[in-house]
Protein chains: 2
Amino acid sequence: MDKPSNTADDILAAARSFIVAGGYNGFSYADIAEVVGIRKASIHHHFPSKVDLVQTLVRRYLEDAVTGMTELERNVPESPRLLRTYAGFWAQCIEDASRPICVCALLASELPALPPEVAVEVRAYFQFLSGWLTGVIERGAAQGTLTIAAAPRVEAEAFMATVHGAMISARAYGDVLTFGMILASTLQKLIPAPD
Amino acid sequence: MDKPSNTADDILAAARSFIVAGGYNGFSYADIAEVVGIRKASIHHHFPSKVDLVQTLVRRYLEDAVTGMTELERNVPESPRLLRTYAGFWAQCIEDASRPICVCALLASELPALPPEVAVEVRAYFQFLSGWLTGVIERGAAQGTLTIAAAPRVEAEAFMATVHGAMISARAYGDVLTFGMILASTLQKLIPAPD
DNA sequence: CTCAATCTACCTACTAGTTGGTAGGCAGTT
DNA sequence: AACTGCCTACCAACTAGTAGGTAGATTGAG
């Protein structure tokens with residue numbers, strides 16, 4: 001039942017860290033082979049082409065997001081805390097440098113140069129995330145736990161854009177605290193009663 | 001006094017459109033040679049290396065931003081209109097597909113994979129833009145034409161992040177109106193008196 | 001004014017190294 | 001016997017960059 005040491009997963013993990021650093025064209029099979037400790041040709045055994053590899057990666061990334069958000073929603077029902085937890089998750093990822101930027105935000109920025117099979121998965125991620133945030137904000141507004149000025153969908157898109165932009169700024173400044181600073185003020189505008 | 005047909009400028013323009021599409025590793029000298037209509041080796045005559053080319057490109061991009069913002073500030077002194085014009089400029093660029101994303105926002109997202117000479121120029125752009133926005137917001141707040149909840153610098157960073165994130169979202173959705181929608185609601189929160 | 005030296009902008013032809021991908025073999029497991 | 005997971009040894013195409021040459025414009029000295 002527990003996972004056997006899985007080379008395919010190691011390849012995906014290596015690919016993710018390379019993509020996060022430099023995008024789709026920022027790594028090669030040779031790079032992955034070196035960090036995983038197998039030969040270049042062996043990667044093709046697990047993922048016939050680079051497109052297969054990245055497509056699988058992004059698809060799994062979305063799946064993880066879906067299950068993660070669903071579970072989060074069960075444990076933390078209140079909208080303000082939900083948004084705070086989501087922002088806090090990324091703040092933590094950036095601070096400990098484990099995941100300094102969202103894979104899909106990065107890939108979306110170079111979308112026109114992406115193989116279409118990958119592009120469609122990236123779009124699906126954006127649609128899911130914006131849909132999830134819209135739901136959270138809609139419920140928060142209905143319950144009076146969030147103060148919104150525009151339609152929930154617009155607030156959700158603006159929130160998502162701020163999160164992604166803040167990731168990029170954090171990277172540009174090389175300062176891990178920039179992200180948290182931007183998000184604290186953004187959340188403050190949505191959450192009425194500061195304790 | 002008027003500009004002679006300049007191959008170097010053509011190369012820079014081609015490089016910019018390639019970078020905007022797929023980042024630093026998303027194009028080659030061969031790609032540029034083809035659209036400019038010269039041979040690959042001739043590019044090296046104008047820009048000895050790829051680093052030289054992109055460094056020049058980003059440096060000029062920043063220079064243009066500096067002169068553009070300075071001139072904008074002289075013509076449009078009021079902070080709310082200044083922010084609206086800045087947002088409107090990008091909304092227009094995205095709608096007519098002439099510049100669907102900021103070169104530096106894209107390059108910043110893949111910063112760890114960039115040659116250091118380019119990375120330093122990208123950082124300089126972010127520092128200038130955030131500084132400019134901080135000044136605009138600071139003055140607007142002092143004059144009462146902008147309503148801010150946090151320090152001007154924090155508001156400026158949040159605004160810049162939202163703009164960059166909205167560019168990425170517009171790209172992900174393939175919808176030119178997403179950017180304008182996000183920015184209209186963001187501006188509305190900063191600008192008190194809607195006419 | 002003129003003629004040679006230099007400079008500019010491009011060319012062809014090449015290099016060494018990298019790219020994603022293929023063919024086929026081999027040891028261990030089922 | 002078939003499958004899995006890896007290997008060595010390839011491949012053609014592409015990468016940034018170099019070497020060396022040429023045609024034409026610009027310059028400067030006699």
J.: Restricting to ring pair (Phe, Tyr, Trp, His ring centres under 6.0 Å), what partner residues turn up for A:Y61, sequence neighbours left out?
T.: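 A:Y125.
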J.: Can you list everything that forms a ring pair (Phe, Tyr, Trp, His ring centres under 6.0 Å) with B:Y29? Sequence neighbours excluded, please.
T.: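 Counting only residues at least two positions away or on another chain, B:Y29 forms a ring pair (Phe, Tyr, Trp, His ring centres under 6.0 Å) with B:H44.
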J.: Take the protein atom CD1 of A:I38 and the nucleotide atom P of D:dT8, then report the distance between them rounded to whole Å.
T.: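 The distance from CD1 of A:I38 to P of D:dT8 comes to 12 Å, rounded to the nearest Å.
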J.: Would you give me the side-chain donor-acceptor pairs under 3.5 Å for residues 30-41 of chain B, sequence neighbours excluded?
T.:
unit_1 : atom_1 : unit_2 : atom_2 : d
B:D31  : OD2    : B:S28  : N      : 2.9
B:D31  : OD2    : B:S28  : OG     : 3.3

J.: Quick one: B:R39 CZ to D:dG17 P, roughly how many Å, whole number?
T.: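 Checked: the CZ to P distance equals 19 Å.
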J.: May I have the distance from B:I32 (atom CD1) to D:dG17 (atom C1'), rounded to whole angstrom?
T.: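 Atom CD1 in B:I32 sits about 14 Å away from atom C1' in D:dG17.
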J.: Using whole Å, what does the distance between atom P of nucleotide C:dA9 and atom CG of B:D10 come to?
T.: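 B:D10 atom CG is separated from C:dA9 atom P by 13 Å.
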J.: Please enumerate all residues that pass ring pair (Phe, Tyr, Trp, His ring centres under 6.0 Å) together with A:F126, with sequence neighbours excluded.
T.: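 Here the qualifying residues are A:H164.
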J.: Which residues pass the salt bridge (Lys or Arg N to Asp or Glu O under 4.0 Å) test with A:E157, not counting sequence neighbours?
T.: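 By the salt bridge (Lys or Arg N to Asp or Glu O under 4.0 Å) rule, A:E157 matches A:R153.
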J.: Nearest whole Å is fine: how far is D:dC3 P from A:H46 NE2?
T.: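 So the two atoms are 17 Å apart, to the nearest Å.
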J.: Return the residues of residues 110-122 of chain A meeting this criterion: a heavy atom under 4.0 Å from some atom of DNA chain C. Order them by number, or give none.
T.: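 By residue number: none to list.
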J.: Classify every nucleotide of nucleotides 18-30 of chain C by which part a protein heavy atom approaches to under 4.0 Å, writing B for the base, S for the sugar-phosphate alone and - for neither, in 5'-to-3' order.
T.: -SBBB--------
J.: Residues two or more places apart in sequence or in another chain: which of them pass salt bridge (Lys or Arg N to Asp or Glu O under 4.0 Å) with A:E138?
T.: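 Testing A:E138 for salt bridge (Lys or Arg N to Asp or Glu O under 4.0 Å), a comparison that skips the adjacent residues, returns none.
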J.: It should be established whether B:H45 places a side-chain nitrogen or oxygen under 4.0 Å from OP1 or OP2 of nucleotide C:dA9.
T.: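 Yes, B:H45 has a side-chain N/O under 4.0 Å of OP1/OP2 on C:dA9.
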J.: The criterion is salt bridge (Lys or Arg N to Asp or Glu O under 4.0 Å); which residues satisfy it with A:R123, sequence neighbours excluded?
T.: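 With sequence neighbours excluded, A:R123 shows a salt bridge (Lys or Arg N to Asp or Glu O under 4.0 Å) to no residue whatsoever.
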J.: Is a donor on one side and an acceptor on the other found under 3.5 Å between the side chain of A:D52 and the backbone of A:S49?
T.: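 Looks like yes, one N/O pair under 3.5 Å.
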